[in-house]
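Structure record follows, encoded as structure tokens.
First listed ligand is number 1; within each ligand, the first listed atom is number 1. Keep in mind that what you see is a predicted model, and the values were worked out from it rather than measured.
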Amino acid sequence: MAFLRLLARNRLALAGGIVMAAVVLLALVTPLLPLADPDVTDTANRFKPTFSEGALLGTDHLGRDLLSRLLWGTRLSLAVGFAAAITAATIGAAIGIVAGYFGGRIDNVIMRGVDMLMAFPYILLALAIVAALGPGLMNALIAVAAVNVPFFARNIRGITVGIAHKEFVDAARLSGLSDLRIITTEILPNVVPVIVIAMSTTIGWMILETAGLSFLGLGSQPPQADLGSMLGEARSALITNPHTSVVPGVMILVIVMAINLLGDGVRDALDPRLKSGALSRPRAATTVKRDGPVPAATGAGLLEVQDLRTEFHVKGRSYRAVGGVTLNVKPGECLGIIGESGSGKSVTALSVMGLVASPPGVITGGAVRYDGEDLIGAPYARLREMRGRNVAYIFQDPLATLHPLTRVGDQLIEAIRVHRPIGAKEGRAKAIDLLDAVRIPNAARRIDDYPHEMSGGMRQRVGIAMALANDPDIIIADEPTTALDVTVQAQILALLDDLRRSRGLAIVFITHDFGVVAQLCDRVAVMYAGRIVEEGPTAAILDTPTHPYTARLMACVPELGAGKRRLEAIPGLPPVVDRLPVGCAFADRCDRTQPDCRAGEIDLARHGARAVRCLHPVTPLREAAE
Ligand code: ADP
Ligand code: MG
């Protein structure tokens with residue numbers, strides 16, 4: 001059902017599907033229609049024009065009714081085309097699965113055979129097969145199916161090789177399943193979508209090929225009509241009576257176009273990567289639909305996030321990932337944002353430069369100010385100018401953000417070139433400088449490495465170097481050390497701290513680890529379910545956490561030499577952001593919950609440098625350290 005809905009969203013595919021359904025329906029009911037016998041000749045009425053009495057589409061060179069021949073011919077052409085496609089797909093897929101699953105010598109022997117078939121131009125091959133078997137519709141079908149088998153075999157083998165070495169297949173093998181069971185229960189369900197896609201995109205081709213053979217007189221034999229033979233017979237009267245060629249020609253065009261449009265739609269809709277999101281590419285900047293007033297600048301920092309709201313609109317639902325976040329960062333300051341996975345940290349960070357994927361992301365309120373300038377309402381050209389130059393990002397997984405086929409030096413130079421023209425020599429020198437700055441030993445040589453030739457820590461250093469490439473004022477680092485081991489993490493943190501001091505960088509550091517915050521950040525904001533629940537100087541919050549959530553988060557951090565202190569996991573899960581509870585979102589997991597916690601909106605109460613969104617804090621804000 002979801003598949004049909006996705007398919008229907010694609011206008012062209014929908015049109016193709018409707019046309020195809022109509023044609024197939026017509027072909028199915030042809031025997032029931034009050035049509036003239038398609039094979040009865042009536043030479044007295046040769047070449048009657050279209051719309052003449054008793055022959056809606058006219059008659060051909062033997063006086064046969066063209067409408068009747070067209071419908072019967074379409075029926076035959078479709079049947080042969082579909083039969084050829086199914087035959088080719090079944091045989092080809094079977095060959096491909098066997099070759100891909102067993103691999104080794106079996107694979108070699110089978111695929112070399114397939115390669116040999118592919119070495120012939122397929123029309124010639126089809127002609128040769130028909131020549132050997134003799135002309136006739138059945139033989140044309142066999143020929144068309146045979147020349148398409150290699151295409152399916154190659155395609156499916158490739159997919160199967162990829163699947164056959166996945167862990168779930170190994171697990172099935174270890175559990176003692178036979179090869180046949182594994183192929184039918186583990187492999188086949190995973191390749192069926194590919195088979196369907198390959199079929200839907202080649203079926204039109206096969207109808208054309210069959211028509212081609214019939215056109216040459218090698219397929220359907222007179223008096224039987226199919227679209228190809230109708231065209232072939234009309235050829236001699238092409239100039240004098242064009243309608244005899246136009247009628248089957250238009251039908252072939254319509255069928256092949258409709259099938260191809262539908263096939264493309266099926267391919268898009270079956271691709272699991274496209275299923276979850278929209279079928280369209282994300283826009284270059286996040287969609288903005290602010291309904292409230294835009295908050296005025298307060299000059300509280302270099303970067304001010306004011307009451308930011310970002311939602312995801314998926315299938316009629318709104319997921320409120322960020323629900324009114326206010327933050328500010330001063331030049332040279334390091335602000336930590338901490339919270340469990342899913343609390344909206346990344347979405348907050350990406351919203352700053354309009355990098356949240358749209359659709360489905362929409363910024364529905366608030367402002368982000370860089371030096372007073374509102375970025376949420378800024379035109380795309382301005383955002384592009386500022387991305388990387390004023391605010392740069394470092395992401396969690398450098399292997400995923402670096403281009404695997406480009407040398408790291410070239411990627412660094414490209415990052416610079418986006419913002420200013422730079423010559424090859426100067427670019428190289430600058431790239432070496434950058435790698436030096438992030439303390440990659442032997443930078444001059446490393447610059448020619450590919451990302452896979454570096455270790456995880458080194459790749460993250462390259463990620464930092466890219467962020468530094470255009471001397472930004474602010475770096476937003478989204479869990480940059482989560483994928484690294486602790487010793488490398490410590491080095492990266494030290495590096496960031498040095499860069500901050502030497503270059504006067506402001507850093508927004510996103511993490512779920514209080515240990516990291518303690519090492520690096522001046523101030524910290526704790527996020528839960530898309531909102532800031534506590535904020536203040538790092539030392540003060542570490543000393544006396546006031547929000548129960550902060551206290552619980554800190555209890556999750558192991559402490560060296562702390563003896564037998566128990567690590568407390570927080571029970572329950574963060575709330576789903578499309579159905580946030582009224583009042584405190586943490587109430588369900590909190591052990592201090594009172595009835596008033598669920599009564600209504602809870603404000604962020606401020607006292608000095610600290611703020612907390614809680615009615616019953618662990619320590620009252622007045623008494624907490626500042
Ligand atoms: P984290 O704090 O771990 O970085 P995120 O900011 O990535 O969390 O996510 C916040 C919320 O937004 C989560 O509930 C997540 O499911 C939701 N979300 C993130 N990206 C999308 C998306 N593309 N479509 C729908 N929901 C999303
Ligand atoms: Mg994240």
Query - Amino acids contacting ligand 1, non-hydrogen cut-off under 4.0 Å - result: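 Close residues (ligand 1, cut-off 4.0 Å): F312, A321, E340, S341, G342, S343, G344, K345, S346, V347, P360, V577.
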
Spatial distance of atom [atom1] ([X]) from atom [atom2] ([Y]) [nearest 0.5 Å]:
| X | Y | atom1 | atom2 | answer |
| --- | --- | --- | --- | --- |
| E311 | T364 | CD | OG1 | 4.0 Å |
| I338 | E535 | CD1 | CD | 13.5 Å |
| H616 | C597 | NE2 | SG | 4.0 Å |
| I159 | N190 | CD1 | CG | 10.0 Å |
| L402 | F395 | CG | CZ | 11.5 Å |

Listed pairs under 3.5 Å, donor-acceptor, residues 347-357 side chains, sequence neighbours left out:
{"unit_1": "T348", "atom_1": "OG1", "unit_2": "G344", "atom_2": "O", "d": "2.6"}
{"unit_1": "S351", "atom_1": "OG", "unit_2": "T310", "atom_2": "OG1", "d": "2.9"}
{"unit_1": "S351", "atom_1": "OG", "unit_2": "V347", "atom_2": "O", "d": "2.7"}

Query raised in the report: What protein N/O/S atoms are found closer than 2.8 Å to the Mg ion (ligand 2)?
Result: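 N, O, S partners closer than 2.8 Å: S346 OG.
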
Query raised in the report: Is there a donor in the side chain of Y528 and an acceptor in the side chain of E534, or the other way round, less than 3.5 Å apart?
Result: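 No.
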
Query raised in the report: For T201, what residues pass the side-chain contact (heavy atoms from CB on, under 4.5 Å) criterion, not counting sequence neighbours?
Result: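 Testing T201 for side-chain contact (heavy atoms from CB on, under 4.5 Å), a comparison that skips the adjacent residues, returns D264.
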
Query raised in the report: Pick one: which of K345, E479, E340 meets side chain to side chain donor-acceptor pair (under 3.5 Å) with H512?
Result: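 That would be E479; it is the only one of K345, E479, E340 passing the side chain to side chain donor-acceptor pair (under 3.5 Å) with H512.
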
